Amino acid sequence: MKTLIIANWKCNLLTAKSAEELFKLLNKGLRKIRKAEIVVCPSFIYLPKLSELLLRRKKTRIRLGAQNCFWEGKGSYTGEVSPIMLKNLGCKYIIVGHSERRKFLNETNQMINRKVQAILSFGLIPILCIGETKEDKEKGKISIVLRSQIENALKKVSKKEIGKIVFAYEPRWAIGTGKACSSDEACVARLLIQKIIAQKYSQPTAKKIQILYGGSVNSANVASFVKDAGFQGVLVGSASLDPNEFAKIVKEL
Ligand code: PEP
């Protein structure tokens, strides 16, 4: 299983030129990387240009991903973006259920489940984000929240399909706060996710799934998640906007 490093640019970089420049700098800094797959997830509107740049760079380790999509392939859904459109633009991955979408756009587990099914049905890889709030953590509800998010997001997802999903454990209180989870706490959450998958599918299936950590990852803490806590990669927000720091993160692995 290849280590995955996802760069989530969120709603940053306000011009196409700035997105293009950052992309070129990231690519330059990652030229010698062989061990990992790097997935850049820009705003939808920058995907065509970045896709064109990628096609010109045959040896790059970078792949494209989107930050969201709709659950239908096409039709009268004003303002939405189809997974097929994203596939046609060269995307391989789609982030789904990011906590900022759950929080600001009221995305429910049911909506997330429909998106997961759609992404899989169109041959793309969902990066399914799950994680508890600070309040859930304080009330000792991490396991209840993770179980509910996972079971609901995976309704109608077969044993064959589950192995195609990338899970991203992202405690909400660690996202964009500079306060990453400790590697011990993250490790417990990772084992819990595997247990939930084992109960729903099987033990061998649970052992094979790819689980990433996300939440204030930087070059100083990334090894504690991947080397110590057993995650098979990371989802990086803020630090992915700094090409030097991002290259350092990747080199730590
Ligand atoms: C994220 O965007 O999912 C994220 C983890 O952001 P940050 O690295 O800034 O906490």
Side-chain angles (χ1 to χ4, degrees), residues 3-14 19 22-23 26 29-30 36-44 46-47 62-69 91 93-105 107 112 115-116 119 125-134 136-137 142 145-146 149-150 153 165-183 185-187 189-190 193 210-226 229 231-253:
T3 305
L4 262 183
I5 303 164
I6 318 289
N8 178 13
W9 287 1
K10 311 193 189 194
C11 190
N12 292 301
L13 302 157
L14 302 183
L22 176 59
F23 187 78
L26 287 184
L30 301 173
E37 178 148 300
I38 321 292
V39 183
V40 173
C41 302
S43 158
F44 288 136
Y46 302 140
L47 283 168
I62 299 183
R63 298 287 173 270
L64 277 185
Q67 297 173 18
N68 176 43
C69 70
C91 284
Y93 297 87
I94 303 184
I95 297 176
V96 58
H98 192 281
S99 67
E100 285 152 10
R101 296 196 60 82
R102 293 182 193 255
K103 180 176 167 191
F104 298 117
L105 293 138
E107 247 183 44
I112 291 161
K115 293 182 183 195
V116 168
I119 296 167
I125 302 173
I127 301 167
L128 173 62
C129 299
I130 49 176
E132 79 287 352
T133 62
K134 188 165 176 262
D136 297 329
K137 184 178 185 291
I142 298 181
V145 171
L146 291 181
Q149 289 176 341
I150 294 170
I165 299 178
V166 174
F167 291 80
Y169 170 61
E170 298 209 295
R172 280 203 211 182
W173 47 270
I175 297 181
T177 57
K179 292 182 196 139
C181 189
S182 75
S183 74
E185 282 174 312
C187 187
R190 183 180 65 72
I193 295 165
Q210 184 151 24
I211 310 178
L212 316 180
Y213 169 79
S216 298
V217 169
N218 57 38
S219 57
N221 63 24
V222 65
S224 73
F225 297 111
V226 178
F231 287 87
Q232 291 101 3
V234 284
L235 200 161
V236 187
S238 330
S240 69
L241 299 169
D242 174 343
N244 294 326
E245 175 63 2
F246 191 69
K248 274 197 210 162
I249 290 175
V250 178
K251 281 172 195 153
E252 280 295 321
L253 300 178

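We count ligands from 1, going down the list as the structure has it; atoms in each ligand are counted the same way. Bear in mind the structure is a predicted one, so any value in this text is a computation, not a measurement.
Ring geometry for Y213 against F225 counts as parallel: the plane angle stays under 30°, on a 0 to 90° scale with 60° as the upper cut.
Among protein heavy atoms, atom 9 (O) of ligand 1 sits closest to S238 OG, 2.5 Å. The protein non-hydrogen atom at the shortest distance from atom 8 (O) of ligand 1 is G237 N, 2.8 Å. Scanning all protein heavy atoms for the shortest distance to atom 2 (O) of ligand 1 gives K10 CE, 2.7 Å.
If you look at I175 next to ligand 1, the close heavy atoms, those under 4.0 Å, come from the backbone and the side chain alike. Residue A168 does not touch ligand 1, judged by heavy-atom distances below 4.0 Å.
Here the rule is side-chain contact (heavy atoms from CB on, under 4.5 Å) with R172, and of K134, E100, R102, K137 only R102 fits it.
Heavy atoms of H98 approach ligand 1 to within less than 4.0 angstrom. Not close to ligand 1: C129, with no non-hydrogen atom less than 4.0 angstrom away. Ligand 1 lies out of reach of A239, whose nearest heavy atom is not under 4.0 Å from it.
For the pair S240/W9, a side-chain contact is recorded, criterion being any heavy-atom separation below 4.5 Å from C-beta on. Residues H98 and Q67 have side chains not in contact (no heavy-atom distance under 4.5 Å, counting atoms from C-beta outward). Contact check for N68 versus K115: side-chain heavy atoms found under the 4.5 Å cut-off.
Close contacts between ligand 1 and G215 involve ligand atoms 5 (C), 10 (O) [criterion: under 4.0 Å to a heavy atom]. Close approach to A174 involves these atoms of ligand 1, each under 4.0 Å from a residue heavy atom: 10 (O). Applying the 4.0 Å criterion to heavy atoms of G176 picks out, from ligand 1, the atoms 7 (P), 9 (O), 10 (O). Distances below 4.0 Å separate heavy atoms of E170 from the following atoms of ligand 1: 1 (C), 3 (O), 4 (C), 5 (C). Heavy-atom contacts of L235 reach the following atoms of ligand 1: 1 (C), 3 (O), 5 (C) (cutoff under 4.0 Å).
Among the atoms of G214, none of the N or O lies under 3.5 angstrom from an N or O of ligand 1. For ligand 1, none of its N or O atoms has an N or O atom of E100 under 3.5 Å away.
Checked by atom type and distance alone, the side chain of R190 pairs as donor or acceptor with a backbone atom of A229 at under 3.5 Å. Without hydrogens or angle criteria, S43 side chain to Y46 main chain gives no donor-acceptor distance under 3.5 Å.
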Checklist entry - Should E252 and I249 be marked as a side-chain contact (heavy atoms from CB on, under 4.5 Å) after you check the CA-CA gap, both sets of side-chain angles, and the distance that decides it? => result CA-CA 5 Å; E252 280 295 321; I249 290 175; 5.9 Å; no
Next on the checklist: Evaluate E245 against V236 for side-chain contact (heavy atoms from CB on, under 4.5 Å), listing each step before the verdict.
Outcome noted: CA-CA 11 Å; E245 175 63 2; V236 187; over 6 Å; no
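Once rounded to the nearest 0.5 Å, the distance linking CD1 of I150 with CZ of F167 reads 6.0 Å.
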